[in-house]
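These notes are about the structure you will find just below.
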Amino acid sequence: MRYSALRLIKEAVTGHKGWTPQWRDVAPQDHYDYVIIGGGGHGLATAYYLAKEFGGARIAVLEKGWIGGGNVGRNTTIIRSNYLLDGNEPFYEFSLKLWEGLEQDLNYNAMVSQRGILNLVHTDAQRDAARRRGNAMILNGSDAELLDTEGVRKLYPFLNFDNARFPIKGGLLHRRGGTVRHDAVAWGYARGADSRGVDIIQNCEVTGFRIENGKVLGVETSRGYIGAKKVGVSVAGSSSRVMAQAGMRLPIESHVLQAFVSEGLKPFIPGVITYGAGHFYCSQSDKGGLVFGGDIDMYNTYAQRGNLPVVEDVIESGMSLIPALGRARLLRSWGGIMDMSMDGSPFIDKTHIEGLYFNGGWCYGGFKATPAAGFCFAHLLKTDRPHETATAYRLDRFMTGHMIDEKGQGAQPNLH
Amino acid sequence: MIINHPLLGPRDAQEFTYLGDASLLDRPDWQVPDAAQAFHDYLYLRDNPAGDHRELWFHEQGDRSWLVVTRNTLTHEILNVELARDVAKARRAAQ
């Protein structure tokens with residue numbers, strides 16, 4: 001069923017009785033050409049692009065719970081293409097371009113809103129770094145604009161400009177960045193994949209891999225054995241647990257990132273602001289809630305909840321940047337489990353097991369990457385070669401010395 | 001989280017900084033032929049278990065001792081706390 005304004009009007013006058021489910025509820029078949037493990041944004045996007053761009057094969061997405069129930073439903077919905085390093089920026093620019101055409105492509109309202117992202121700077125050194133980053137972005141086809149204090153003041157007059165220790169000296173504005181309705185991304189990809197014949201199988205947990213002579217034959221699941229020519233794992237947050245079933249250890253630790261939403265307020269923050277003197281970022285949802293977050297909790301965890309010290313740190317940072325924040329009440333907070341990789345960058349790669357492919361290690365940048373990660377993973381699954389924008393995301397890069405360390409922190413996942 | 005320090009008693013986890021898996025105590029021998037592979041695995045690969053996890057915490061805002069804390073990564077329950085130097089000495093004695 002195609003969605004359109006005309007269709008909406010027709011349904012409105014006929015009592016909304018004509019809407020059909022957006023995807024089918026199917027039982028797993030015995031064998032598929034491609035099995036994608038993980039029905040999150042990345043897994044569903046992979047299945048969608050496999051079916052749409054890379055030819056109609058038999059494809060299944062296996063999800064242990066319900067689709068979109070993991071990190072695609074737990075993030076702060078920001079999309080951007082403002083990376084510095086060569087291994088990253090072309091990929092994220094490709095992703096942002098896919099975001100820009102996503103709703104027309106999917107025929108689905110994902111509320112893609114390019115409202116701009118402003119990275120504040122507070123020192124001369126930060127301004128130099130912002131200029132360098134902006135130039136790198138422009139060289140890769142993205143957009144960047146360096147603002148001075150007055151430029152920032154025009155956009156956000158309510159910020160704490162005269163903080164004695166961290167005065168706001170300007171910012172790097174990335175106008176094409178913005179926010180997206182995150183759940184709609186999962187649903188839109190699910191609907192698009194389903195309409196192209198992909199079987200989306202929920203409540204189907206993978207409990208093991210069947211591997212013989214170094215080749216994957218299929219997966220054991222809570223709903224029986226499913227054979228597959230190729231298996232793609234896309235389960236960020238649980239990557240180590242799933243890949244351990246194939247006997248692999250990954251350069252990944254699982255950490256929790258908390259996020260927060262205030263009560264609904266009148267329009268107040270038009271874009272996304274990130275603080276340069278503390279780890280804090282904030283936007284305002286279309287419902288009016290201020291959506292903000294900060295650091296991870298720093299210790300390994302699989303519990304989807306964090307602890308109070310980080311809550312305190314995030315709120316303190318927020319208050320030092322936006323003093324008016326103190327008048328808003330916090331409505332809710334939650335935590336999502338991140339694959340924190342050893343250099344802060346992701347993996348889209350083959351494994352040493354034939355037919356087994358891995359997409360993960362997204363740290364806290366997985367949401368914005370959803371379209372390109374799906375596209376590039378589908379490309380790898382189909383052709384056995386990495387997509388031209390994702391050649392650096394290799395699992396062996398720590399052995400060969402080709403780390404992509406945007407932050408320059410070294411092998412300490414909780415500092416990325 | 002409250003970490004029951006073997007010398008100082010119960011202390012807030014905020015006083016500590018976190019390093020990671022306690023396997024970092026087992027630094028490989030740099031003279032063996034496959035040292036490059038061993039150091040790669042030591043430095044970059046992790047078990048990352050969902051469940052009991054032995055990990056290194058540093059009492060930065062306290063007595064600056066390193067601890068090996070056994071903690072459940074699903075519940076955040078702390079099951080055991082030892083001084084890292086005792087653990088390291090015991091491992092060396094066992095070798």
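None of these values were measured; they are calculated from a predicted model. Just so we're on the same page: letters track the sequence lines, and every chain starts at 1.
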- Any residues in residues 80-93 of chain B near chain A, with a heavy-atom distance under 4.5 Å, and which are they? none
- Item | Option that, when pairs with chain A are counted at under 4.5 Å, heavy atom only, ranks first among B:Gly20, B:Pro49, B:Ala13 | B:Pro49
- Task: Tell me, out of B:Asn72, B:Asp12, B:Asp47, who's got the most heavy-atom pairs with chain A below 4.5 Å.
- Result: B:Asp47
- B:His76 and A:Tyr299: CA distance, side-chain angles, deciding distance, side chain to side chain contact (heavy atoms under 4.5 Å, CB included) verdict: CA-CA 10 Å; B:His76 296 166; A:Tyr299 47 79; 3.7 Å; yes
Which of [options] touches chain B most, by non-hydrogen pairs under 4.5 Å:
{"options": "A:Arg249, A:Met298, A:Arg241", "result": "A:Arg249"}
{"options": "A:Glu253, A:Gln304, A:Met248", "result": "A:Glu253"}
{"options": "A:Leu415, A:Asp343, A:Leu308, A:Thr301", "result": "A:Thr301"}

- Note on the structure: Here the pair of heavy atoms bringing A:Ala411 nearest to B:Tyr44 is CB-CE2, 3.5 Å
- Correct closest heavy-atom pair for A:Arg305 and B:Thr75 would be NH2-O, 3.3 Å
- Message: I'd like to know whether B:Leu19 forms a side chain to side chain contact (heavy atoms under 4.5 Å, CB included) with A:Gln412, so could you lay out the CA-CA distance, the side-chain angles of the two residues, the decisive distance to 0.1 Å, and finally the verdict.
- Response: CA-CA 8 Å; B:Leu19 182 64; A:Gln412 177 83 34; 3.2 Å; yes
- Item | Per-residue contact mode, B:Ala36 against chain A (heavy atom under 4.5 angstrom) | both
- Please test A:Asp297 against B:Tyr18 for side chain to side chain donor-acceptor pair (under 3.5 Å), starting from the C-alpha separation and ending with a verdict. CA-CA 10 Å; A:Asp297 268 39; B:Tyr18 179 84; over 6 Å; no
Considering only heavy atoms, which portion of [X] lies under 4.5 Å from any heavy atom of chain B: side chain, backbone, both, or neither?
{"X": "A:Ile252", "value": "both"}
{"X": "A:Asn307", "value": "side chain"}
{"X": "A:Met340", "value": "neither"}

- For A:Arg74, what residues pass the salt bridge (charged side-chain N to carboxylate O under 4.0 Å, His left out) criterion, not counting sequence neighbours? none
- Item | Under 3.5 Å: donor-acceptor pair, side chain of B:Asn48, backbone of A:Ser254 | yes
- Query: Considering residues, nucleotides and ligands other than A:Arg394, do more than 12 of their heavy atoms fall under 6.0 Å from its CZ?
  - Reply: no
Euclidean distance, [Y] [atom2] relative to [X] [atom1], rounded to 0.5 Å:
{"X": "A:Tyr302", "Y": "B:Leu74", "atom1": "OH", "atom2": "CG", "result": "8.5 Å"}
{"X": "A:Thr400", "Y": "B:His40", "atom1": "OG1", "atom2": "NE2", "result": "8.5 Å"}
{"X": "A:Glu312", "Y": "B:Gln14", "atom1": "CD", "atom2": "CD", "result": "6.0 Å"}

- Evaluate side chain to side chain contact (heavy atoms under 4.5 Å, CB included) for B:Leu43 paired with A:Phe398, printing each intermediate quantity in order. CA-CA 9 Å; B:Leu43 195 55; A:Phe398 301 102; over 6 Å; no
